[in-house]
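First the structure, then my questions, so here it is.
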Protein chains: 2
Amino acid sequence: MLSAQTGSKVYVVIVKKLREMIAAENLKPGDKLPSERELSERLKVGRSSVREAFRALELLGLIETRRGEGTFIRDFKGHQLVQVLSTFILQDEKAKKDIKETKFLIELDCLWLIMQKKTDDELLAFKNWAEQTTFTDDEFFYKIILLADNHLFLRMWEILKDYYNSLDFPAEELQKHDYLHLIEELQTKEEMRIRGAYKKLRKLVE
Amino acid sequence: MLSAQTGSKVYVVIVKKLREMIAAENLKPGDKLPSERELSERLKVGRSSVREAFRALELLGLIETRRGEGTFIRDFKGHQLVQVLSTFILQDEKAKKDIKETKFLIELDCLWLIMQKKTDDELLAFKNWAEQTTFTDDEFFYKIILLADNHLFLRMWEILKDYYNSLDFPAEELQKHDYLHLIEELQTKEEMRIRGAYKKLRKLVE
DNA sequence: TTAAGATCATTGGTCAGACCACTACGCTGT
DNA sequence: ACAGCGTAGTGGTCTGACCAATGATCTTAA
């Protein structure tokens, strides 16, 4: 039996197998996964166990199932994940704090990254865009993180953003003007002391 | 039928019901949920559907099941969540550069965090430990990130570390002494200009 | 010939029932 | 009073059955 090898629950093993399979065959979003019955047969497990694995991954928004068609890898989106989590997390203050902290630091990291990666002209273009456009903080940072050109940070941030917005933090958010000012400052200073500016930002929010 | 009301899949409806139940009865981590069979009966659904809902919530780390005992609400921790997400997200991402960059920035973030969170005594204790102990870079940062007390960063870093080590980057890693020096510097400076030191670190690796 | 309709295999969605393994709890006999 | 055992309850898994939706194939009529 599958569980006998590892002691893990079967559905967890199946999740792992799927991950390996996806990696091995280099499957991308939109690609089709084997049917439940086929997987059940190939892995020598019950179809119900396969379904448990699929349902878990589906709730995470990692796969998508279409009746009569099959199961497909999905281009990850927060989805219902956030609602579900927020309900369960609500009382965990530490988790909320971690989320806020992590989101904040990633944002600053990306801010720093674009300072490193982009040319002055590109930064200027962004600055002009930011000054002439109306946007929310989320939109602002989405742009930032896109420019930072780090896919991992982008994905992480999207998740964290959804978490963050589903929680009821006090309205202590920074305004876009503060960030713009930060950019200007960073842009003009020879030494990229973003953490100094960071500390300044901290003062604004605290 | 349950799904007829919303058109949603049964297991999603069950997840929703559970959320309502938890909210209504003010259940907290550690509390026991109804058994699979009881839920199956109360909600007029098959036990397998209840299990699909439970498995999904379990993969999210929101509940915990103990054979022979029951299903319990869990004190939420990132756990497998970040792990599973990261794996699926990384699969379509080939950029070794992103992995390296992200890992590096998270490490620096955590370094910065302990500067903020910990007392001088605690930092001194860590510094002494670091000077008197032999450790690898990974062990060093594991300690750092533990001290940073941010569970999300911890999980992310663990994944990134595994990926990083599985890739064949040139041996351009920083040595522990550099980091220790950094800590000393940070500790003594009034202004926490970690990014300045960060830049210095970048020079070391580039 | 072609387009509309019917048919059928495939696939996911759900349920019911059967075992197994493990745990807690109460009963029993000493 | 206590140690031991057995039973009920619970999760873990598998099997088989049926329903519902989809898509490809075949059939038929214009």
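Order of the sequence lines sets the chain letters (A, B, ...), proteins ahead of strands, with each chain counted from 1. In this text, all values refer to a predicted model and were calculated from it rather than measured experimentally. Just so you know, these numbers use all the heavy atoms, side chains as well, and skip hydrogens, waters and symmetry mates.
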Using 0.5 Å steps for rounding, measure from the CG atom of B/Asp98 to the CG atom of A/Asp149.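 Spacing of CG (B/Asp98) from CG (A/Asp149) equals 6.5 Å.
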Nearest of C/dC15, D/dC14, D/dG23 to any side-chain atom of B/Val45?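 Output: C/dC15.
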For A/Arg66, report the nucleic acid contact type (base, sugar-phosphate, nothing); a contact means any heavy atom under 4.0 Å. sugar-phosphate
Rounded to the nearest 0.5 Å, how far apart are CG of B/Leu105 and CD of B/Glu107?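 If we round to the nearest 0.5 Å, B/Leu105:CG and B/Glu107:CD are 9.0 Å apart.
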Looking only at the side chain of B/Lys9 (C-beta and beyond, no hydrogens), which of the listed nucleotides C/dT14, D/dT22, C/dC15 gets closest?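 For the B/Lys9 side chain, the nearest candidate turns out to be C/dT14.
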Can you measure A/Leu39 atom CG to C/dG13 atom C1' for me and round it to whole angstrom units? 17 Å
Given atom CD of B/Glu58 and atom P of D/dT10, what is their separation to the nearest angstrom? 17 Å
Could you state the atom-to-atom distance from CZ of A/Phe72 to P of C/dT11 in whole Å? 11 Å
For C/dT10, does OP1 or OP2 lie under 4.0 Å from any side-chain N or O of A/Arg37?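 False: A/Arg37 side-chain N/O out of range (4.0 Å or more) of C/dT10 OP1/OP2.
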What one should report as the nearest heavy-atom pair of A/Ala56 and B/Leu59 is CB-CD2, 3.5 Å
Separation of C/dA16 atom P from B/Arg47 atom CZ, nearest Å, is 13 Å
B/Lys44 NZ to C/dT14 P: how many Å, rounded?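 After rounding, the gap between these two atoms is 17 Å.
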Measure across B/Gly61 and B/Arg74 and return the closest heavy-atom pair with its distance rounded to 0.1 Å.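 Smallest interatomic distance, heavy atoms only, reads O-CD, 3.2 Å.
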Between A/Val50 and A/Glu69, which has a closest nucleotide on DNA chain D that is more 5'? A/Val50
Integer-rounded Å distance: D/dT13 P and A/Glu36 CD: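 A/Glu36 atom CD is separated from D/dT13 atom P by 16 Å.
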Without decimals, in angstroms, what is the distance between A/Glu64 CD and C/dT11 P?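 From A/Glu64 CD to C/dT11 P: 17 Å.
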When we call it a touch if two heavy atoms are under 4.0 Å apart, what does B/Gly68 touch: a base, just sugar-phosphate, or nothing?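 Counting heavy atoms under 4.0 Å across all strands, the contact made by B/Gly68 includes a base.
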Answer with base, sugar-phosphate or nothing: what part of the nucleic acid does B/Ser40 contact at a heavy-atom distance below 4.0 Å?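 Answer is nothing: B/Ser40 stays at 4.0 Å or more from every strand.
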Rounding to an integer number of Å, can you tell me how far A/Arg55 CZ sits from D/dT13 P?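 Between P of D/dT13 and CZ of A/Arg55: 16 Å.
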Measuring to OP1 and OP2 of C/dG13, would you say a side-chain N or O of B/Ser49 lies under 4.0 angstrom away?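 Looking at the OP1 and OP2 atoms of C/dG13, neither is under 4.0 Å from any side-chain N or O of B/Ser49.
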Under 4.0 angstrom, heavy atoms only, what part of the nucleic acid is A/Thr65 near: base, sugar-phosphate, or nothing? sugar-phosphate
Applying a 4.0 Å non-hydrogen cut-off, can you work out what A/Ser35 is touching in the nucleic acid: base, sugar-phosphate, or nothing? sugar-phosphate
Given B/Arg55 and B/Glu58, is the salt bridge (charged side-chain N to carboxylate O under 4.0 Å, His left out) satisfied, shown in steps? CA-CA 5 Å; B/Arg55 271 348 100 215; B/Glu58 187 179 58; 3.3 Å; yes
Distance check: side-chain N/O of B/Thr71 vs OP1/OP2 of D/dG11, anything under 4.0 Å? yes
For B/Glu52 and for B/Arg67, locate the closest nucleotide of DNA chain C by heavy-atom distance; then report the residue assigned to the nucleotide nearer the 5' terminus. B/Glu52
